[in-house]
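Below, chain A is the first sequence line, B the second, and so on; all start at residue 1. Keep in mind that the numbers below use all heavy atoms, side chains included, and drop hydrogens, waters and symmetry copies.
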2 protein chains.
Amino acid sequence: MASQQNSKLPKNAALVHTFLAKHGSPASAYEILDGLRGKGISAPPTIYRALDQLLARGLAHRVESLNAFVACDHPAHDDANGFAICQDCGSVREFTDPEVVSAVNALAKAQDFDVRHVTIELAGQCAACRDSGSEVSHG
Amino acid sequence: MASQQNSKLPKNAALVHTFLAKHGSPASAYEILDGLRGKGISAPPTIYRALDQLLARGLAHRVESLNAFVACDHPAHDDANGFAICQDCGSVREFTDPEVVSAVNALAKAQDFDVRHVTIELAGQCAACRDSGSEVSHG
DNA sequence: GTGTGATTTGTTATGATATAACATCACAAC
DNA sequence: GTTGTGATGTTATATCATAACAAATCACAC
């Protein structure tokens, strides 16, 4: 259902993917750009094009509520994944949950809606921040 | 769980809410601004402040994947609603679904994540566009 | 009705995110 | 070697959002 493209990853897409994978947490296009200025990349369109290629292959996701991008943990499910975003520490955890997916699919069917992509983003507090009494600063 | 504020809606918030309700589909902050220039509103911060007030009251929602805002259909559930967005005709339908909500809550509990807000956005094709053979133009 | 504080509003400027448009390059197919 | 396609570089600009500060308005005690 995803990752249909088996052709070789273009150079810039590979650079961006590597950057995101190392980064670990979501990065904005401009953070990626800043991180790759030494590698011949100098302008936003280059980043956005590379991101488009990664998104098409399921190798990265856009986190809508952060206007940011992450390398993908499980490319096989890129059309129905989700993110849990801690508002205290900024950590983002990707998940794929069959219960949520089936509930969403049932809903879409009931509404006679042909789903192509599902965005699920949970904003809240992660366990680590709750356990430390919420005094963790954002970053 | 939402709409805790019972104080009177400020003038600009009321203007923006009325605009969104008439508009029917999601509008960007700048579309709202353009629609209200005749009413003494002349700059983006005024719109964003009014939107913040509406969001806090559950009278409007932000559609993350469109960077746009809609008036709310059912204020009682504003922390766990969803949108079905047709990529062909641009229509947006709001929904609240207990199955999806409970699946998300179960997932969050399993992940030990304290959910404050849930974003669910389905992108795809609405029944009307499917039935008309996808030849509907975007707008 | 006057003072006081809180909220709302107006205004200018700027920051942050994303894309249009067009030229060039790399490479495979023929 | 020409042609077609996809990738890349570059400049400029469109779009979305907020910082910072001043002024107006409102609620309410006195």
Side-chain angles (χ1 to χ4, degrees), chain A residues 4-20 23 25-57 59-70 90 119 121 123 138-139, chain B residues 4-20 23 25-57 59-70 85 87 90 119 121 123 138-139:
Chain A
Q4 305 95 327
Q5 319 228 14
N6 295 320
S7 60
K8 186 167 168 288
L9 203 60
K11 187 186 75 165
N12 288 344
L15 281 173
V16 169
H17 187 254
T18 300
F19 176 89
L20 285 178
H23 196 261
S25 58
S28 75
Y30 283 74
E31 287 170 345
I32 300 169
L33 177 58
D34 286 343
L36 295 178
R37 282 194 189 281
K39 321 235 172 177
I41 295 181
S42 64
T46 303
I47 301 298
Y48 283 102
R49 284 192 287 233
L51 286 169
D52 284 346
Q53 293 157 350
L54 293 174
L55 295 175
R57 285 171 164 81
L59 295 174
H61 299 299
R62 178 181 172 81
V63 185
E64 297 287 354
S65 58
L66 300 177
N67 290 334
F69 302 85
V70 287
T119 299
E121 297 180 12
H138 188 90
Chain B
Q4 305 95 328
Q5 320 225 14
N6 295 321
S7 59
K8 186 169 168 291
L9 203 60
K11 186 186 75 162
N12 288 344
L15 282 174
V16 169
H17 188 254
T18 299
F19 177 89
L20 285 177
H23 196 259
S25 59
S28 76
Y30 283 74
E31 287 170 346
I32 300 169
L33 176 58
D34 287 342
L36 296 178
R37 283 195 188 280
K39 322 236 171 176
I41 295 180
S42 64
T46 304
I47 300 297
Y48 283 102
R49 284 190 287 233
L51 285 169
D52 284 346
Q53 294 157 349
L54 294 174
L55 295 176
R57 286 169 163 81
L59 296 175
H61 299 299
R62 179 183 172 82
V63 184
E64 298 286 354
S65 58
L66 299 177
N67 291 334
F69 302 86
V70 287
I85 303 161
Q87 295 172 314
T119 298
E121 298 180 11
H138 188 91

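- A close approach under 4.0 Å does not occur between any side-chain nitrogen or oxygen of A/S42 and OP1 or OP2 of D/dG9.
- For A/K11, the side-chain atoms get nearest to D/dT8 when compared with the rest of D/dT8, D/dA17, C/dT17.
- Remark: P of D/dT10 and CZ of A/R37 are 12 Å apart, rounded to the nearest angstrom.
- In this structure, CG in B/D34 is found 8.0 Å from CZ in B/F19, a value given to the nearest 0.5 Å.
- Side-chain contact of A/E121 with A/S65: a donor-acceptor pair under 3.5 Å is present, judged by distance alone.
- Under 3.5 Å, the side chain of B/Y30 and the base of D/dA14 form no donor-acceptor pair of N or O atoms.
- Between the side chain of B/R37 and the backbone N or O of B/S42 there is at least one donor-acceptor pair closer than 3.5 Å.
- Under 3.5 Å, the side chain of A/R49 and the base of D/dG9 form at least one donor-acceptor pair of N or O atoms.
- Ranked by how close their nearest DNA chain C nucleotide is to the 5' end, B/N12 and A/P44 are led by B/N12.
- Residue A/I47 contributes atom CD1, which lies 12 Å from atom C1' of D/dT8 at whole-angstrom precision.
- Per the geometry, CD1 belonging to A/I41 stands 14 Å off P belonging to D/dA7, to the nearest Å.
- The separation between B/L51 atom CG and C/dT8 atom P is 14 Å, rounded to whole Å.
- Taking atom CD1 of B/I32 as the reference point, atom C1' of D/dC16 lies 12 Å away to the nearest angstrom.
- In this structure, the CG atom of A/D34 is 12 Å from the C1' atom of C/dA16, given to the nearest Å.
- Comparing B/K39 and B/N67 along DNA chain C, the residue whose closest nucleotide (by nearest heavy atom) sits nearer the 5' end is B/K39.
- Contact of A/Y48 with C/dA20 (side chain to base): no donor-acceptor pair of N or O atoms is detected under 3.5 Å.
- Closest heavy-atom contact between B/A27 and B/I32: CB-CG1, 3.9 Å.
- Between B/D52 atom CG and C/dT7 atom P the separation is 15 Å, expressed in whole Å.
- Among the nucleotides D/dG9, C/dT8, C/dT11, the one closest to the side chain of B/P10 is C/dT8.
- Rounded to a whole Å, the CG atom of A/L33 is 13 Å from the C1' atom of C/dA16.
- With values rounded to the nearest 0.5 angstrom, A/T46 atom OG1 is found 10.5 Å from A/L15 atom CG.
- Within 4.0 Å (heavy atoms only), B/P45 reaches at least one base atom of the nucleic acid.
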